[in-house]
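The figures that follow rest on heavy atoms only: side chains count, while hydrogens, waters and symmetry mates do not. In what follows, every chain begins at residue 1, and chains take the letters A, B, ... in the order their sequences are listed. Just so we're clear, the structure is a prediction, and the values are computed from it rather than from any experiment.
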Amino acid sequence: MEAPGSDPVERENADFVRELVRRDNADGTYAGRVQTRFPPEPNGYLHIGHAKAITLDFELAREFGGTCNLRFDDTNPDTEDTAFVDGILEDLAWLGYPIEGEPLYASDYFEQLYSWAELLIERGLAYVDDSDSETISAGRGGYGKPGVESEWRDRSVEENLDLFRLMRAGEFAEGSRVLRAKIDMQHENMQMRDPVMYRIRHEHHHRTGDSWHIYPTYDWAHGQSDAIEGVTHSLCTLEFDSHRPLYDWYLEQLPLPGDTPRQTEFARLELTHTVTSKRRLAGLVADGVVDGWDDPRMPTLRGLRRRGYPAAAIREFCAFIGVSRTNSRHQIELLESFVRQHLNRTAQRRMAVLDPLRLVITDWPEGRIDEVELTNNPEDPTDGTRRVAFTGELWIERDDFRADPPPKYFRLTPGREVRLRGAYLITCTGFEVGPDGEPTVVYATHDPESRGGNAPDGRKVKSTMHWVSAQHAIEGTAALYERLFSAEVPGEATGDPMDDLDRASRDLRTGCRFEPSLADTPPGAVVQFERLGYFAHDPRAPMLFHRTVGLRDEWARLQQRT
RNA sequence: UCCGGGGUCGUCUAAUUGGCAGGACAGCGGUUUUUGGUGCCGCGUGUAGGGGUUCGAGUCCUCUCCCCGGAACCA
């Protein structure tokens, strides 16, 4: 686990949020205090979109010497679960933001919220409405259309108090009554047309059990929870912009223990070829499109972790894209470039053949085994070397041999000399084909003087290829991934993202031949398969490697153009 | 339809708050290279449109256009 402080974010130009905090500090608004909060609802796992909010909330607090609370926004017992609480805690720690001590919960404030609700009733600012949800919705009016006041709006304080207490006691059926704030049914902002504060739910809550029969709505709980915790800067995404007047209105009516928090909205993170709606992600899991929340194709933090994305790369990406109020969709390639940049520096190199073709060195002495030394990481000399066995019978990549080479093909082809990485220069002398016309074995001779990969006469070859000794190879599986959604903006064409789902997005390659040292790769570790990409060892299944991201591939681009 | 928020290279994002429109990714070319990887060098008529203020406008005013969000007892 890496500490967030290990990669300090250098930003010459502050974003609008940091600018705002700086101004608040200059004005003495909160006496220089900066406190934020990250408020996930425990009804799903964290995804890449949350990572942006997390880094903003936690890093902002850190930069200004403040604190950031983790608060579970558990106001809706219908969908929430402790399994998600545990999962979120785990993902947060992995991302680099471990929570010290116990996390906070909105449900811890249910009693306080309740008494504040009675206070509003006593002041004539809230009332029990017996209408059903359709009636309430219809009464709200519409854009540019006036609202209609509920027939229950002018009940006496006593009656309201009485009914509200019976609601709490569980005397009424779900949906039969709600508590509403009495604000303004003609307000131009729909959120202010007497919003619902409490609804009746006879549902088991993951923390409070069966002790409550009424549950606060998001709007009634959020600002007050912020205030109770002493939050100064409450950051949320743009869709809550129209809720801000309501956030402020509630706080104005109440005797707050301290500072009045303020809400600031920013644009959520969207990525090409990706969906982040919790409903969609849950659907992918439920329909078996993916293996689970931690499927390496999922944009969840646990999916990205299993895929091999370093937490630091995700943090650096979030810091780099910054924060603004412009709706935007970042190209997934930018995130991938951060992943590559990080892995290039840190991942050890290994040789793995994913689509094996037999190569026989015809002039290799019978039974001879040569141990060659290979660098673990050319970007990091301190990472040392390893010894790999070389013999006269090898596996090479099927793509690395062509009987009839296209233009600019530098790899093995009859008559051509290439280098086997760290071993010898070899020259192709022939090949055999099977009934289908595909090569089954390639023959070559080697230059014994070129051990290590260089000939004494200094002659050059245009290609260096990876290989695995047939006698020493271990077998394994590699999972290659395409984007889960083929369209940049899933659903843009038809309105349904599932129309752009690529059901063949996983290409499972069994029978791969790996260099033996891969057996020692710790679960979860990421290595580079030379010339193929970065691969993460599955945390549970030995010898299963997930391709995190490929290498840039000039040859592939060249072929695509022709 | 009403209210609110936005619009800067292909994609994101900056511009000392009115003073040379810069960076990253992507792409293209070159170079280095025992990974067709990495590194290094180079390549850009992008301020949604019209009008105005000003010595000077991405920034201020004005009109227009386009995009996003908002009428759950979800968050």
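The side chain of Pro378(A) has rG37(B) as its nearest neighbour among rG37(B), rC73(B), rC12(B). The side chain of Glu239(A) lies closest to rG69(B) when the candidates are rC25(B), rA71(B), rG69(B). Here the nucleotide nearest the side chain of Ser324(A), chosen from rG37(B), rU13(B), rA75(B), is rU13(B). Closest contact between the side chain of Arg349(A) and the listed nucleotides rG37(B), rA75(B), rA72(B) involves rG37(B). Ranking rU35(B), rC73(B), rG70(B) by closeness to the Ser242(A) side chain, first place goes to rG70(B). Taking every side-chain heavy atom of Thr326(A) into account, rG7(B) is the closest of rG7(B), rC2(B), rA75(B).
Salt bridge absent: Arg386(A) and Glu373(A) never bring a charged side-chain N and a carboxylate O closer than 4.0 Å. Using a cut-off of 4.0 Å between Lys/Arg side-chain N and Asp/Glu carboxylate O, Glu530(A) and Arg350(A) are scored as not salt-bridged. Between Glu333(A) and Arg483(A) there is a salt bridge, with a side-chain nitrogen of the basic residue lying less than 4.0 Å from a carboxylate oxygen of the acidic one. Ionic pairing of Arg193(A) and Asp184(A) is not present here: no N-O contact between side-chain nitrogen and carboxylate oxygen is shorter than 4.0 angstrom. Salt-bridge annotation for Asp129(A) and Arg153(A): absent, with no side-chain N of the basic residue lying under 4.0 Å from a carboxylate O of the acidic one.
A donor-acceptor contact shorter than 3.5 Å links the side chain of Asn377(A) to the backbone of Arg345(A). A donor-acceptor pair under 3.5 Å is formed between the side chain of Thr300(A) and the backbone N or O of Trp293(A). A donor-acceptor pair is defined here as one N or O able to donate and one able to accept, closer than 3.5 Å; no such pair exists between the side chain of Gln186(A) and the backbone of Pro146(A).
Distance check on atom P: rG23(B) versus rG18(B) gives 24 Å, rounded to whole Å. Look at the P atom in both rA75(B) and rG70(B): the space between them is 15 Å, to the nearest Å. Spacing between rC60(B) and rA15(B) at atom P, rounded to whole Å, works out to 13 Å. Spacing between rU33(B) and rG39(B) at atom C1', rounded to whole Å, works out to 9 Å. With both ends at atom C1', the span from rG50(B) to rG10(B) equals 26 Å, rounded to whole Å. Annotation: rG58(B) and rU1(B) have their P atoms spaced 32 Å apart (nearest Å).
Side-chain atoms of Glu488(A) and base atoms of rG10(B) include no donor and acceptor less than 3.5 Å apart. Side-chain atoms of His243(A) come within donor-acceptor range of the base of rA75(B), with a qualifying N/O pair under 3.5 Å. No N or O donor and acceptor, one from the side chain of Glu333(A) and one from the base of rU11(B), sit under 3.5 Å apart. In this model, a side-chain donor or acceptor of Gln331(A) finds a partner on the base of rG10(B) within 3.5 Å. Donor-acceptor pairing under 3.5 Å, judged by distance alone, is present between the side chain of Arg411(A) and the base of rG36(B).
As judged by a 4.0 angstrom heavy-atom cut-off over every strand, Val178(A) is placed among the base-contacting residues.
Evaluation of Phe320(A) against the base of rA24(B) yields no stacking contact (centre distance < 5.5 Å, interplanar angle < 30° required).
In this structure, Arg421(A) does not reach the rU33(B) phosphate: none of its side-chain N or O atoms is under 4.0 Å from OP1 or OP2. Look at Thr217(A) and you won't find any side-chain N or O under 4.0 angstrom from OP1 or OP2 of rC73(B).
The strand RNA chain B forms stems, runs of 3 or more Watson-Crick or G-U wobble pairs with distances below 3.5 Å, at B:2-7 with B:65-70, B:10-13 with B:22-25, B:27-31 with B:39-43, B:48-52 with B:60-64.
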